[in-house]
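As structure tokens, the structure follows; a few thoughts come after it.
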2 protein chains.
Amino acid sequence: MNIETSLLVEIFRDITLPKEACNLIAEKFERISLKKGDTLLHANEIVHNQYYVCDGCLRTFFIDHSGKEHTLQFAIKDWWISDYTAFFTTSKAVMTIECIQDATVYKVSRTSMESLYDEIPQLETFFRKKMEKAFAAFQKRILSSLSFTARERYSSFINTYPFIEQSVKNYHIASYLGITTESLSRIRKEISQ
Amino acid sequence: MNIETSLLVEIFRDITLPKEACNLIAEKFERISLKKGDTLLHANEIVHNQYYVCDGCLRTFFIDHSGKEHTLQFAIKDWWISDYTAFFTTSKAVMTIECIQDATVYKVSRTSMESLYDEIPQLETFFRKKMEKAFAAFQKRILSSLSFTARERYSSFINTYPFIEQSVKNYHIASYLGITTESLSRIRKEISQ
DNA sequence: CAAAAAAATTGATGTAGGGTAATAAAAAAC
DNA sequence: GTTTTTTATTACCCTACATCAATTTTTTTG
């Protein structure tokens with residue numbers, strides 16, 4: 001068994017899994033330990049897996065044609081992370097997943113997911129609901145990039161994700177907000193006064 | 001029956017539905033005809049429904065504190081539209097859905113969806129996959145807003161959605177790209193030269 | 001705890017795109 | 001088909017944020 005039942009119960013606490021379901025799931029998960037700075041997924045690799053974050057902090061980022069990094073998302077305890085666009089179609093990653101605080105994650109492949117969906121319909125519902133929340137968060141982010149100033153986006157970020165703010169560098173936050181680290185610094189100064 | 005089987009077959013052409021499933025679905029759908037300018041959903045209303053666009057063109061937009069409109073998405077033939085963030089939790093819309101070209105849509109409620117998911121598991125898979133695509137599109141849009149200039153976003157938009165470009169006004173496109181109609185005009189001039 | 005490296009701040013200046021207003025072109029209404 | 005309304009363009013000036021270049025602060029390493 002690759003993951004303890006107690007952890008599975010925690011991951012899927014929104015649904016009640018029969019014991020056999022737990023066993024089915026357990027054998028599909030694999031534990032990975034990561035050090036700060038490790039790369040869990042490189043851009044251009046085929047994406048076979050998604051990861052459940054047990055502890056630590058990771059981020060997915062995109063490197064544009066000029067070499068600049070843009071953070072799409074952070075993930076801390078109890079979040080799932082992958083390059084989902086590529087994961088859903090088992091195609092090449094456009095993003096990189098980097099560990100920014102020593103982390104423990106559990107890996108599960110798309111193939112495993114599909115077979116688990118077949119065998120445990122509750123699981124498909126579980127992930128559909130996760131998906132709905134992630135979709136809503138992305139919608140909110142798009143609207144916020146359309147209608148908020150950099151300062152408003154920063155305030156909204158630290159209010160929405162106070163725990164993430166503590167785990168990441170300012171330049172990570174800047175690259176998430178779509179501004180430079182210098183601009184973020186000026187915004188922080190303004191707010192503190 | 002509120003929707004013809006032939007149309008259902010078209011909507012769900014990715015999956016093969018048994019006849020009884022078709023009947024179950026058919027009775028949950030309701031046809032709505034819309035004129036240009038009609039509002040299908042007002043901000044602040046509880047969102048009970050999503051809509052399948054049969055023909056015509058609609059958009060969802062958000063009005064910010066200064067009264068400016070920001071287009072989240074357009075929908076043409078064979079797209080689904082709603083304020084999904086609110087739809088998923090049956091809560092209040094933050095956005096408005098407006099018809100921008102005379103349209104025919106089919107309405108289906110969240111409650112109907114949930115009961116259909118129970119009765120027709122293929123349907124949950126169908127919508128999960130739709131969801132995955134929509135999620136990927138949103139991800140692409142966020143990365144594009146982080147890393148592209150207004151001009152690049154415009155080029156990318158007209159390449160990705162040539163059919164939408166034909167159905168909407170330039171100021172709709174501007175509000176989707178996050179720029180003013182004046183800036184879009186300048187960009188168009190630049191490109192045409 | 002001293003030295004080196006990484007991260008954050010500050011200042012000076014540049015620029016993409018915004019705001020306002022006037023005009024032109026296209027579409028709708030009569 | 002002429003008038004009215006809506007949409008798009010252009011010109012001028014402005015602002016939020018970027019870029020570049022030091023400098024300071026914080027963190028890491030030996």
Side-chain angles (χ1 to χ4, degrees), chain A residues 35-39 56-57 59 61 63-71 74 98-102 142 144-158 164-193, chain B residues 35-39 56-57 59 61 63-71 74 98-102 142 144-158 164-193:
Chain A
K35 286 279 161 199
K36 182 172 171 176
D38 288 355
T39 298
C57 185
R59 67 164 184 145
F61 65 90
I63 301 179
D64 71 22
H65 60 278
S66 74
K68 221 179 291 173
E69 293 182 359
H70 304 278
T71 299
F74 297 108
E98 178 195 29
C99 172
I100 52 182
Q101 285 295 316
D102 292 4
I142 292 171
S144 132
S145 87
L146 289 173
S147 63
F148 285 174
T149 62
R151 184 180 166 156
E152 290 167 329
R153 295 201 303 279
Y154 176 64
S155 299
S156 158
F157 176 80
I158 57 179
I164 290 179
E165 196 214 350
Q166 292 160 21
S167 319
V168 307
K169 299 291 175 192
N170 282 344
Y171 61 82
H172 289 139
I173 298 179
S175 89
Y176 175 93
L177 296 175
I179 57 177
T180 59
T181 159
E182 293 92 336
S183 291
L184 178 55
S185 181
R186 283 175 200 115
I187 288 168
R188 285 161 53 81
K189 190 183 178 188
E190 229 181 277
I191 288 178
S192 72
Q193 280 164 358
Chain B
K35 287 278 162 201
K36 182 173 170 176
D38 287 355
T39 298
C57 184
R59 67 165 184 144
F61 66 90
I63 301 179
D64 71 21
H65 60 279
S66 73
K68 220 179 295 173
E69 293 181 359
H70 303 277
T71 299
F74 297 108
E98 178 196 29
C99 171
I100 52 182
Q101 285 295 318
D102 293 3
I142 292 171
S144 131
S145 86
L146 289 173
S147 63
F148 286 174
T149 61
R151 184 181 167 155
E152 290 167 328
R153 296 201 301 279
Y154 176 63
S155 299
S156 158
F157 176 80
I158 58 180
I164 290 179
E165 196 214 351
Q166 292 160 20
S167 318
V168 307
K169 300 289 176 192
N170 282 344
Y171 62 81
H172 288 139
I173 298 179
S175 89
Y176 175 92
L177 296 176
I179 57 177
T180 59
T181 160
E182 293 90 340
S183 291
L184 178 55
S185 184
R186 281 170 211 123
I187 288 167
R188 285 162 54 80
K189 190 184 178 187
E190 229 180 275
I191 288 178
S192 71
Q193 280 164 357

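Heavy-atom basis, side chains included; hydrogens, waters and symmetry copies ignored. Quick note on labels: first sequence line is chain A, next is B, and so on, each numbered from 1.
B:Tyr176 contributes atom OH, which lies 7.5 Å from atom CD1 of A:Ile142 (distance to the nearest 0.5 angstrom). Between A:Phe74 atom CZ and A:Glu98 atom CD the span is 10.0 Å, to the nearest 0.5 Å.
Qualifying side-chain hydrogen bond (donor to acceptor under 3.5 Å, both in side chains) partners for B:Thr39, counting only residues two or more places apart in sequence or in other chains: none. Residues forming a side-chain hydrogen bond (donor to acceptor under 3.5 Å, both in side chains) with B:His172 (at least two apart in sequence, or on another chain): none. Annotation: side chain to side chain contact (heavy atoms under 4.5 Å, CB included) contacts of A:Gln101 (sequence neighbours excluded): A:Lys36, A:Cys57, A:Ser167. With sequence neighbours excluded, no residue satisfies side-chain hydrogen bond (donor to acceptor under 3.5 Å, both in side chains) with B:Glu165. In this structure B:Asp64 satisfies the side-chain hydrogen bond (donor to acceptor under 3.5 Å, both in side chains) test together with B:Ser66, B:His70, sequence neighbours excluded. Residues forming a salt bridge (charged side-chain N to carboxylate O under 4.0 Å, His left out) with B:Asp38 (at least two apart in sequence, or on another chain): none. The side chain to side chain contact (heavy atoms under 4.5 Å, CB included) search around A:Glu152 returns A:Phe148, A:Thr149, B:His65, not counting sequence neighbours.
Within residues 174-187 of chain B, the residues approached by DNA chain C to less than 4.0 Å at the level of any non-hydrogen atom are B:Gly178, B:Ile179, B:Thr180, B:Glu182, B:Ser183, B:Arg186, in residue-number order.
In this structure, B:Gln101 places its CD atom 11 Å from P of D:dT7, rounding to the nearest Å. In this structure, CD of B:Glu69 is placed 11 Å from P of D:dT7, rounded to the nearest angstrom.
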Would you tabulate the nitrogen or oxygen pairs shorter than 3.5 Å linking the protein to nucleotides 22-30 of chain D?
none

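Recorded end-axis angle for the helix from C:dC1-D:dG30 to C:dC30-D:dG1 stands at 60°, based on five pairs per end and rounded to 10 degrees.
Here the closest heavy-atom approach between residue B:Ser175 and residue B:Arg59 is recorded as OG-NH1, 3.9 Å. Taking each heavy atom of A:Thr71 and A:Phe61 in turn, the nearest pair found is CA-CB, 4.0 Å. Taking every heavy atom of both residues into account, B:Ile100 and B:Val168 meet most closely at CD1-CG1, 3.4 Å.
Heavy-atom contacts of chain A under 4.0 Å fall on DNA chain C between two terminal nucleotides, which in 5' to 3' order are C:dA7 to C:dA12.
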May I have the list of side-chain donor-acceptor pairs in residues 181-191 of chain A shorter than 3.5 Å, sequence neighbours left out?
residue	atom	partner	partner atom	Å
A:Ser183	OG	A:Thr180	OG1	3.1
A:Arg188	NH1	A:Tyr154	OH	3.1
A:Glu190	OE2	A:Arg151	NH1	2.6

